[in-house]
There are 2 protein chains.
Amino acid sequence: MAVAKTLTDAKTKLLDASLQVIRCKGYAATSVDDLCRAAGVTKGAFFHHFKSKEDMAVASAAHFGAMAEGLFSHAGYRDLADPLDRLLGYVDFRKSILRGEVSHFTCLLGTLVQEAYETNPAIRAACDQYISAHAATVEADIVEVMRVRGMVPGWTASSLALYIQSVLQGSFILAKAKHGPAVAADCIDHLRRYLELLFINNKGGLRND
Amino acid sequence: MAVAKTLTDAKTKLLDASLQVIRCKGYAATSVDDLCRAAGVTKGAFFHHFKSKEDMAVASAAHFGAMAEGLFSHAGYRDLADPLDRLLGYVDFRKSILRGEVSHFTCLLGTLVQEAYETNPAIRAACDQYISAHAATVEADIVEVMRVRGMVPGWTASSLALYIQSVLQGSFILAKAKHGPAVAADCIDHLRRYLELLFINNKGGLRND
DNA sequence: AACCACATACCAACCAGTCGGTATGCTGTC
DNA sequence: GACAGCATACCGACTGGTTGGTATGTGGTT
């Protein structure tokens with residue numbers, strides 16, 4: 001009859017805290033002590049679970065990826081039958097979660113990779129992996145839209161999925177610069193308009209540029 | 001007949017060096033000693049010209065803004081008569097400069113603001129200022145396109161100009177994640193397609209969504 | 001008694017920023 | 001045109017605090 005000693009263990013508390021602290025201060029400016037303080041654990045616990053700060057950042061990226069995967073896979077728009085409704089539903093959902101503090105709705109992976117892409121190959125690879133995995137879920141719906149409509153456009157589903165991510169990542173940067181979500185919401189409106197033009201208003205259907 | 005003692009003074013060497021070093025390693029991970037080493041000056045010179053590391057970052061943002069202003073105001077597409085040609089010329093130019101090392105074509109302002117938006121108000125404000133100033137130059141051409149075509153769309157020139165910046169900033173993040181400019185070029189292709197759909201292919205012309 | 005999950009104490013390296021000092025101008029006065 | 005008076009530009013050793021990381025201890029579970 002093992003009773004849980006703590007409600008959550010130190011590793012989970014550190015990973016949860018890292019999402020907030022790193023998104024707020026950035027990776028390099030976040031010290032191990034900052035993380036421990038935010039998580040309410042000691043430095044001993046930190047280095048018991050992670051062999052270095054870098055190792056922790058890689059785990060944090062994975063933790064964020066898992067959280068995002070859960071968030072999007074259980075969102076309501078996923079149940080829509082039409083793939084275009086799912087794609088536009090994704091964009092609308094991304095817009096709807098732009099609320100509150102900037103550090104609460106921005107992407108840890110984008111933040112991390114900006115700081116670590118040249119100096120820290122392991123972190124860069126982890127960010128690439130989880131960003132690409134997320135883009136792949138969007139790509140699947142795009143492929144389906146194209147198939148249903150018999151489209152053979154001058155662009156690939158993969159490139160459009162990455163484009164969507166680039167708009168989102170860029171909108172987070174502008175939200176940080178302007179200290180609020182309004183500008184990001186406007187960007188997502190333009191993104192939605194592009195998708196509508198590509199898949200709805202563009203009567204020609206087949207293009208070859 | 002005063003002969004220049006040095007070809008460039010310490011302040012200019014520090015500002016030039018900061019563009020490369022900060023874009024490569026990030027702001028927090030760049031030490032004052034890193035900057036001095038890269039610029040070939042001493043720490044004494046650094047603190048003679050800048051009262052703190054933060055003060056230097058603000059100056060660096062201004063230096064980057066001035067460099068960009070020079071680059072874009074003298075680019076060939078500026079001489080085109082048609083505002084839509086200038087707008088698309090801008091996008092094509094942004095694509096054409098995606099060459100070589102990632103740290104050479106990415107935006108210092110986007111990098112800086114990601115790290116400093118919560119912790120450093122002065123840096124955040126400087127980044128916002130120079131990003132917005134650049135977007136305003138693009139907005140001027142958009143306004144002109146709309147005027148020439150008598151468009152009254154459901155979006156503003158300002159929001160479209162910021163959207164263009166968000167795509168560019170986001171494409172830099174993906175370029176960092178994937179360690180090369182190819183993905184960024186693909187994003188700019190999608191951006192160009194959106195502008196073409198808005199201003200050329202969208203025969204309706206006037207929309208109100 | 002072995003092991004796991006942490007806690008405490010500590011360290012060497014590094015950090016931003018300081019300070020006393022030097023070299024080299026400029027500017028006004030005689 | 002010589003020289004005082006002062007500002008600007010720069011040097012590099014130094015400091016106190018912080019950093020990532022380590023070594024060792026401890027209490028509960030098996």
Legend entry - Presence of donor-acceptor pair under 3.5 Å, side chain of B:Lys43 and base of C:dG17: yes
Inset, instruction - Respond yes when some side-chain nitrogen or oxygen of B:His48 is under 4.0 Å from OP1 or OP2 of D:dA9, and no when none is. - result: yes
Inset, instruction - Starting at atom NZ of A:Lys11, determine the distance to atom C1' of C:dC4, rounded to an integer number of angstrom. - result: 14 Å
Legend entry - Lys/Arg N to Asp/Glu carboxylate O, A:Arg192 vs A:Asp189, below 4.0 Å: no
Inset, instruction - Could you check how far CZ of A:Phe47 sits from P of D:dT24, rounded to whole Å? - result: 17 Å
Inset, instruction - Send over the distance from A:Leu14 CG to D:dG20 C1', rounded to a whole Å. - result: 15 Å
Legend entry - Value in whole Å for how far the C1' atom of C:dC15 lies from OH of B:Tyr27: 12 Å
Inset, instruction - Determine whether A:Leu15 and A:His49 make a side-chain contact, defined as any pair of heavy atoms from C-beta on separated by less than 4.5 Å. - result: no
Legend entry - Spacing of B:Lys51 atom NZ relative to D:dA9 atom C1', expressed in whole Å: 19 Å
Inset, instruction - Round to a whole Å and report the spacing from NZ of B:Lys53 to P of D:dG17. - result: 20 Å
Inset, instruction - Answer with base, sugar-phosphate or nothing: what part of the nucleic acid does A:Thr42 contact at a heavy-atom distance below 4.0 Å? - result: base
Inset, instruction - Could you tell me whether B:Glu196 and B:Arg193 make a salt bridge, using a distance below 4.0 angstrom between a side-chain N and a carboxylate O? - result: no
Legend entry - Per B:Ala45 side chain, nearest of listed nucleotides C:dG17, D:dC11, D:dT8: D:dC11
Legend entry - Ring centres under 6.0 angstrom apart (B:Phe64, B:His134): no
Inset, instruction - Among the candidates D:dG20, D:dC10, C:dC6, find the nucleotide nearest to the side-chain atoms of B:His49. - result: D:dC10
Inset, instruction - Write down the distance between CG (B:Asp9) and C1' (D:dC11), rounded to a whole number of angstrom. - result: 16 Å
Legend entry - Interatomic distance where CG belongs to B:Leu35 and P belongs to C:dC15 [whole Å]: 12 Å
Legend entry - Considering all heavy atoms, the nearest A:Glu54-A:Ala122 contact: OE2-CB, 3.5 Å
Inset, instruction - Output the single nucleotide from D:dG21, D:dC11, C:dA16 whose closest atom is nearest the side chain of B:Val41. - result: D:dC11
Legend entry - Proximal nucleotide (of D:dC10, D:dG21, C:dC15) relative to the B:Asp33 side chain: C:dC15
Legend entry - 5' priority, DNA chain D, between A:Gly44 and A:Val32 [closest heavy atom]: A:Val32
